[in-house]
Number of protein chains: 2
Amino acid sequence: MTAQLNARGDVAVLVPAAGAGVRLGPGGPKALRLLAGEPLLVHAVRRVAAAPSVRMIVVAAPAADVEAVSELLTPITPVSVVAGGAERQESVGRALAVVPADVPIVLVHDAARALTPPDLIESVASAVRAGRPAVIPTLPVVDTIKEASPEGLVLGTVDRSVLRSVQTPQGFQHQVLAAAHAAASDPLTDDAGLAEKAGIPVTCVLGSELALKITRPLDLVIAEALLAHGPF
Amino acid sequence: MTAQLNARGDVAVLVPAAGAGVRLGPGGPKALRLLAGEPLLVHAVRRVAAAPSVRMIVVAAPAADVEAVSELLTPITPVSVVAGGAERQESVGRALAVVPADVPIVLVHDAARALTPPDLIESVASAVRAGRPAVIPTLPVVDTIKEASPEGLVLGTVDRSVLRSVQTPQGFQHQVLAAAHAAASDPLTDDAGLAEKAGIPVTCVLGSELALKITRPLDLVIAEALLAHGPF
């Protein structure tokens, strides 16, 4: 049995949160770091659940914490929690394995992008629904970008007009993600990269400034301000 | 006569703030947008003035606003205000023209990077003092970066480990910046890019998350949070 949000929804959202530093308890787990008193994972899952197309959410937690993460999220929304693997890619694979074949669209989402608006989740899902096999939300690159040697000598200025900064959720036709993961050899943190390697066309949709990845201590200050600022 | 901050300082800092949308009065000028009740330019200049190596600050303002910008900044710190040009590069050139030849180090700084810590200004100046002809503060690129076609089709994943996101202040040996500007043909928004074109080696030093460019409305929310969070 898998926990359902909306029987009419056609989207499953996978949230890999089993990596190092994601353990419950003391020690500063990333996905469970508190933002305005609640773990990042809770913020992320709440927003995913608010997207009308989402039928199910599958969180990959550390094996030892499956029950605890389940208890954490159940008051928020129906969610399936599976034991993740050592690598992010393995966690995505295990979460994907519990998605029924009749769910046509699968998104993979970072818990650390805890303020991602439901609208962006809909926008990615909608592009997949319209026929794109793989879809990523991206933002233009704002700062000047240089290529530099490891010693910090500038090798050249990069044409940033062709660059896109990639966010999540990344969206896929179910069978495309399954095939890309089955074919993958090297572990990647970027699911669209797997699709690219498999020769699948990947399309960009406009991302959101609110979908920032909350990793550095300063990001928490920023995220709290964004959270206080408006209803997202 | 040029306004001096610290007669022992060996650094002049140029702040081009004459571009479109920088006019005083209503209409939302960028450099004069309010952050916690004060224009960005005031925040930026206050932090520049707090860097012990800085001998002088030269702001390039719109020709019609030289006096008003001078009145705005004089209560903060001694500062020279010159009439800027139509292009940023022209404004930098005009500001550079008033820097005495005996000031060996010249930095160019964005007013929109209003929270740049004095420490970063010192760090850039110090690398120039140590013999680097051109120095830029940079941060590693955190997000996955893709190259995409104008239509939004992903062309490939970029190796972000070689990329650096560029901030300001950018620092130069006085004569290097003068020569680079004299040789420049195309207008550039990136002074280090001029030095690169002139064949000058450009070196990276570690930038600061606080030196973010405040341009989008959301950036103001972020900047106010950073400002409220700690003493910078």
Side-chain angles (χ1 to χ4, degrees), chain A residues 127 134-136 138-139 141-168 170 188-190 192-193 195-197 200-210 212-213 215-219 221-226 228-230, chain B residues 127 132 134-136 138-139 141-168 170 188-190 192-193 195-197 201-210 212-213 215-219 221-226 228-230:
Chain A
V135 175
I136 56 175
T138 66
L139 287 179
V141 171
V142 176
D143 279 328
T144 296
I145 302 287
K146 306 274 186 190
E147 195 179 334
S149 75
E151 296 73 33
L153 189 68
V154 171
L155 303 173
T157 303
V158 178
D159 175 10
R160 72 178 171 209
S161 70
V162 301
L163 301 182
R164 301 279 184 282
S165 186
V166 180
Q167 305 181 317
T168 73
Q170 305 193 341
L188 273 187
T189 56
D190 171 35
E196 272 170 71
K197 285 199 175 184
I200 305 291
V202 178
T203 308
C204 303
V205 298
L206 184 63
S208 165
E209 294 164 17
L210 294 172
L212 77 160
K213 195 167 186 176
T215 48
R216 306 164 300 182
L218 213 66
D219 296 330
V221 176
I222 291 170
E224 296 214 352
L226 297 177
H229 184 255
Chain B
R132 309 292 188 181
V135 176
I136 56 176
T138 65
L139 288 179
V141 171
V142 176
D143 279 328
T144 296
I145 302 287
K146 305 275 185 189
E147 193 179 336
S149 74
E151 297 75 33
L153 189 68
V154 171
L155 303 173
T157 303
V158 179
D159 175 10
R160 72 176 170 210
S161 71
V162 302
L163 301 183
R164 301 279 184 283
S165 187
V166 181
Q167 305 180 317
T168 73
Q170 304 193 341
L188 273 188
T189 56
D190 171 36
E196 272 170 72
K197 285 200 176 185
V202 178
T203 308
C204 304
V205 298
L206 185 62
S208 165
E209 294 165 14
L210 295 172
L212 77 161
K213 195 167 186 175
T215 49
R216 308 163 301 182
L218 213 65
D219 295 330
V221 176
I222 291 170
E224 296 213 353
L226 296 177
H229 183 256

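Chain identifiers are assigned alphabetically (A, B, ...) following the order of the sequence lines, protein sequences preceding nucleic acid strands; residue numbering begins at 1 within each chain. Fair warning: this is a prediction, and the values are worked out from it, not measured in the lab.
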**OP:** To the nearest 0.5 Å, tell me how far B:L139 CG sits from A:D143 CG.
**Re:** 8.0 Å
Original post:
At a heavy-atom separation under 4.5 Å, does B:L206 approach chain A through its side chain, its backbone, both, or neither?
Top reply: neither
**OP:** Please determine, among A:E224, A:E147, A:E151, the option with the most heavy-atom pairs under 4.5 Å with chain B.
**Re:** A:E147
Original post:
Which bit of A:V158 is near chain B, if near means a heavy-atom gap under 4.5 Å: side chain, backbone, both or neither?
Top reply: side chain
**OP:** Determine whether more than 12 heavy atoms belonging to other residues, nucleotides or ligands lie under 6.0 Å from atom CZ of B:R132.
**Re:** no
Subject >> chain B contact via A:L212 - which portion, at a heavy-atom distance below 4.5 Å >> reply: neither
Original post:
Is chain B contacted by the side chain of A:V205, its backbone, both, or neither, given a heavy-atom distance below 4.5 Å?
Top reply: neither
Original post:
Got a second to check how far A:R160's CZ is from B:D190's CG, nearest 0.5 Å?
Top reply: 8.5 Å
Subject >> Heavy-atom side-chain contact between A:L210 and B:L218 under 4.5 Å >> reply: yes
Original post:
Tell me, side chain or backbone of A:S149 under 4.5 Å from chain B's heavy atoms, or both, or neither?
Top reply: backbone
Original post:
Given side chains that start at C-beta, do those of B:K146 and A:V202 come closer than 4.5 Å, heavy atoms only?
Top reply: no
Original post:
Of the backbone (N, CA, C, O) and the side chain (C-beta and beyond), which part of A:A134 lies under 4.5 Å from a heavy atom of chain B, both, or neither?
Top reply: neither
**OP:** Can you see which heavy atom on B:I145 is nearest to which on A:S165, and at what distance?
**Re:** CD1-CA, 4.0 Å
**OP:** Kindly give the heavy-atom pair with the smallest separation between A:P201 and B:L153, and that separation in Å.
**Re:** CB-CD1, 4.0 Å
Subject >> Toward chain B, the part of A:E196 with a non-hydrogen atom under 4.5 Å >> reply: side chain
